[in-house]
Amino acid sequence: MTTLAPGQTIGILGDGQLGRMMAIAAAELGFKTHIFGQEKNSPAAQVANANTIADYTDKVALRKFASSVDVVTLEFENIPTDTLNFLSPLIPVRPGRKVLEITQDRHLEKSFVNSLGVPTAPFANVESLEELRQAVERIGTPAILKTRRDGYDGKGQVKINSATEIDKAWETLGGKASILEGFVPFELEISIVAARDIHGNVATYCPVENRHKNHILDVTIAPANILSTVSEHATELATKIVQNLDLVGLVAVEMFVARDGDVLVNELAPRPHNSGHWTIEACTTSQFRQSIRAAAGLSLGDPTAHSNALMRNLIGDDADHWNDILQHPEMSLHLYGKTESRPGRKMGHVTRLFPLNVPPKV
Ligand code: AMP
């Protein structure tokens, strides 16, 4: 099993802000990074040692990339699985192809989660309008129709409030293979970032609460204000998932907490996650250092939080107020080096710490 030593190079597939913060963490640990992405002067490439700009299907570029790095990891789960198939015989890829196959497809992902005895909202696979009608009959309304692949930040999904909205919903998603999911009247949304090393050891961060605005994460409150029994249960579920995914790296497990304390898993992301950015300031080992340690085949660090934290995303022109934020010395500002601000685009984030006995104020 390959383990890296300082000075060696970690290849990262994907070039956004997650790759940027992974590359910074890698540099802190003495590693070099090589980013493989599509954008010139991308957030990740700005802080890395090398950059390949090429399509994920470009075999010549992939072969050259593989020969210039010591291990490959990723910051984005929608890398084509063929890319990983091509790279795997050449270089260790962590996490591997099987993990992406499951997490790129909502139906496979939810079926995998249920196969572990871990609950999700009720769901049905839908490949035609007729199947959607049958699914609505079985699951009832309200329900949410989600494309099986390529959905994020609320894209590729539509709520169905009553049977009269079925045709419109099917049309809105372009008749793509989808799942219909029962609507969960949750009390709050939480997530847990779990890490697993090459030997199978697991480390989990505490559950955090996530609040969204326009389907995009707005704030993360660490830790989530839930009963310790709920927190322990959610952590057990996340641990079961990371162990059975057989993954080397991180997985963020997004969950719904119902009023009665029931926990349902919504989604998995096999990489550092926006809801884990608070760990940079508040934990002994940040999620980014943890992902680099796992990818490098090293032992995991301590995920314990030494502070509570509030993380707020800077979306679109929120980031224009960077100088106002800097007037508050208690705020830790992170900007991702994106030159063009667009509505809904994640431009940066701000973290504020609180003592462990003080709940973060939103
Ligand atoms: P997703 O893309 O699956 O993470 O969904 C994006 C957001 O939509 C979630 O964070 C929830 O706020 C909401 N959502 C998704 N699925 C459901 C559901 N089954 N019931 C209620 N709300 C949901």
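Just so you know, ligand 1 is whichever comes first in the structure, and atom 1 is the first atom listed for that ligand.
Among K146, E189, H212, the residue whose heavy atom lies nearest to atom 15 (C) of ligand 1 is K146. When the heavy-atom distances from atom 18 (C) of ligand 1 to I144, I179, T147 are ranked, the shortest goes to I144.
In summary, K146 and E181 engage in a salt bridge, as defined by a charged side-chain N under 4.0 Å from a carboxylate O. The pair R196-D246 meets the salt-bridge criterion, with a side-chain N (NZ, NE, NH1 or NH2) lying under 4.0 Å from an Asp/Glu carboxylate O. Of the charged side-chain nitrogens involved, none lies within less than 4.0 Å of a carboxylate oxygen, so that E75 and R271 do not count as a salt-bridged pair. Salt-bridge annotation for E236 and K240: absent, with no side-chain N of the basic residue lying under 4.0 Å from a carboxylate O of the acidic one. A salt bridge links D167 with R133: at least one charged nitrogen is closer than 4.0 Å to a carboxylate oxygen. Look at E267 and K110 and you find no salt bridge, because none of the NZ, NE, NH1 or NH2 atoms lies under 4.0 Å from a carboxylate O. In this structure, K338 does not pair ionically with E340, as no charged nitrogen and carboxylate oxygen lie closer than 4.0 Å. Classification of D105 and R148 as a salt-bridged pair holds, one side-chain N sitting under 4.0 Å from a carboxylate O.
Near E254, the atoms of ligand 1 lying under 4.0 angstrom from a non-hydrogen atom of the residue are 4 (O). Residue N266 has at least one heavy-atom neighbour below 4.0 Å for each of these atoms of ligand 1: 1 (P), 3 (O), 4 (O), 5 (O), 16 (N). If you number the atoms of ligand 1 from 1 as listed, the ones under 4.0 Å from a heavy atom of F256 come out as 11 (C), 14 (N), 15 (C), 16 (N), 17 (C), 18 (C), 23 (C).
Scanning the protein for heavy atoms near atom 20 (N) of ligand 1, the closest one is V184 N, 2.8 Å. In this structure, atom 19 (N) of ligand 1 lies nearest to the protein heavy atom E181 OE1, 2.7 Å. Looking at atom 2 (O) of ligand 1, its nearest protein heavy atom turns out to be Q157 NE2, 2.9 Å.
Considering both main-chain and side-chain atoms, F186 never comes within under 3.5 Å of ligand 1 through any nitrogen or oxygen pair. Some N or O of E267 is nearer than 3.5 Å to an N or O of ligand 1, by distance alone.
Counting only heavy atoms, the protein never gets under 4.0 Å from atom 7 (C) of ligand 1. The protein does not reach atom 13 (C) of ligand 1 closely, with no heavy atom under 4.0 angstrom from it.
Note on ligand 1: K155 sits outside its first shell, no heavy atom being nearer than 4.0 Å. Residue contact annotation: P185 has no non-hydrogen atom under 4.0 Å from ligand 1.
No donor-acceptor pair under 3.5 Å is formed between the side chain of E171 and the backbone N or O of I166.
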